[in-house]
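Worksheet for the structure shown next.
Every chain is numbered from 1, with letters handed out A, B, ... down the list of sequences.
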Amino acid sequence: MTTQDTHDTNDSEIAAEVRQLETVLEERGIVDGTELDTIIDRFVTTASPANGARVIARAWIDDDYRQRLLADGNAGLGELDLSSGGLAGHVPFRVVENTEHTHNVLVCTLCSCYPIGLLGASPSWYKSEAYRSRVVREPRAVLAEFGLHLPEDTRIEVWDSSAETRYMVLPRRPAGTEDYDETELAALVTRNGMIGTAAV
Amino acid sequence: MTADSGSASQLPRFRPGDRVLVTQTDPAGHTRAPRYVRGRVGSIVEQQGDQVLPDSAVGANAELSPQPVYAVRFAAGDLFGDGNHSVTVNLWETYLEAADP
């Protein structure tokens, strides 16, 4: 059996267990199925990397906002009517800033925690065992495989979201964008840049 | 689920800069102390609010009081024997002990 076969079998088994669990919870009145569907639909349809890009663009253009965002990620999101919150309650949010000397990259080694509301659904590679195990061990090599070759004297900081806190990377503003407005800046920001597997 | 930081029930034991040791345990039940940092020493970067400890948040005697969670930074060399990067992991206070400086 190939690794992929095992992985697919595990996924379908887990999916079946989740459906069974949801059914039992609904039958016992612990979960309201309609409410659950509404919450999930709302979250899935509003979740998008365009949200994260707005935050990045605002931080690039407004240095006071950038400092407020770095000091309190949740408050920074609130200023733009955004939220890190998923399905339940307060989710602590932390923005980590790339500089000339430091590059940040995010992972969840335990599972695949990800700021879905700000970046949309997570990519398969982010959830892969390969990424989750290798990026903490050899980040420079992993980033190179993504096409990001950092100078040897750039320090790499890997952030493992092993608790409730969700992270987002604030990429460096590209050179030559001094005259760009927020919309044009936001268009430069990629999802991978906000995870840390791209420069921007 | 997630903790409301307004209902913090204890003062944090650690402050930024403190050296901490991740307890070397292998619990039978659920835990969110990643194996690659167990038994390793890192430095407190900052506290990440107060969150419910997942290890004891289930079952008949569930403990649902939030406790401090910290971002703890480890040098790659200390974790893996090589590498010049750092890894910052979020760890519940229960997982940590003070380390000799």
Side-chain angles (χ1 to χ4, degrees), chain A residues 31 39 70-75 83-97 101-113 117 132-144 150-167 169 196, chain B residues 1-8 12 16 22 27 30-38 40 42-55 57-58 64 66-96:
Chain A
V31 166
I39 292 172
L70 294 176
D72 184 339
N74 293 90
S83 167
S84 62
L87 303 179
H90 174 76
V91 175
F93 183 68
R94 176 75 161 87
V95 177
V96 291
E97 179 184 41
H101 304 292
T102 301
H103 183 88
N104 300 282
V105 61
L106 314 177
V107 65
C108 177
T109 62
L110 292 175
C111 41
S112 58
C113 304
R132 288 159 50 213
S133 60
R134 291 184 58 214
V135 76
V136 288
R137 181 73 171 77
E138 44 176 356
R140 192 173 294 274
V142 170
L143 294 181
L150 295 170
E152 273 305 312
D153 61 357
T154 298
R155 197 174 68 84
I156 296 177
E157 193 61 57
V158 184
W159 298 78
D160 188 353
S161 46
S162 47
E164 300 286 349
T165 303
R166 295 295 173 266
Y167 289 89
V169 174
Chain B
M1 277 282 216
T2 55
D4 175 358
S5 59
S7 61
V22 182
H30 181 54
T31 188
R32 285 188 74 88
R35 289 180 185 278
Y36 71 95
V37 297
R38 294 184 198 174
R40 306 301 188 184
S43 301
I44 301 289
V45 173
E46 61 194 19
Q47 186 181 346
Q48 285 291 340
D50 300 278
Q51 303 170 20
V52 177
L53 180 70
D55 308 44
V58 294
L64 298 175
Q67 62 169 253
V69 170
Y70 303 93
V72 183
R73 179 157 292 155
F74 301 85
D78 293 340
L79 295 178
F80 308 118
D82 67 333
N84 60 1
H85 58 282
S86 309
V87 184
T88 301
V89 183
N90 285 154
L91 296 165
W92 276 264
E93 191 170 272
T94 294
Y95 302 153
L96 304 174

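- Considering all non-hydrogen atoms of both residues, B:F80 and A:V136 come closest at CE1-O, 3.1 Å.
- Looking at B:F74, there are no atoms closer than 4.5 Å to chain A (heavy atoms on both sides), in backbone or side chain.
- For a residue to count as touching a neighbouring chain, one of its non-hydrogen atoms must lie under 4.5 Å from one of that chain's; by this rule B:V69 touches chain A with the side chain only.
- Contact between B:V87 and A:E157 at its shortest, heavy atoms only, is N-OE2, 3.7 Å.
- In this structure, chain B has no heavy atom under 4.5 Å from any part of A:F93.
- At a 4.5 Å heavy-atom cutoff, the contact between A:T109 and chain B is made by side-chain atoms alone.
- No side-chain heavy atom of A:T154 sits less than 4.5 Å from a side-chain heavy atom of B:H85.
- B:Q51 contributes a side-chain N or O that, together with a main-chain N or O of A:E164, makes up a donor-acceptor pair within less than 3.5 Å.
- Chain A forms more heavy-atom pairs under 4.5 Å with one residue of B:N84, B:L91, B:N90 than with any other, namely B:N90.
- Contact annotation for B:R35: neither backbone nor side-chain heavy atoms come within less than 4.5 Å of a heavy atom of chain A.
- Between B:P34 and A:L110, the shortest heavy-atom contact is CA-CD2, 4.1 Å.
- No side-chain donor-acceptor contact under 3.5 Å links B:T88 to the backbone of A:W159.
- Interface residue A:R137: backbone and side-chain heavy atoms are both found under 4.5 Å from chain B.
- Listed for the B:R32 side chain is no donor-acceptor partner under 3.5 Å among the backbone atoms of A:A163.
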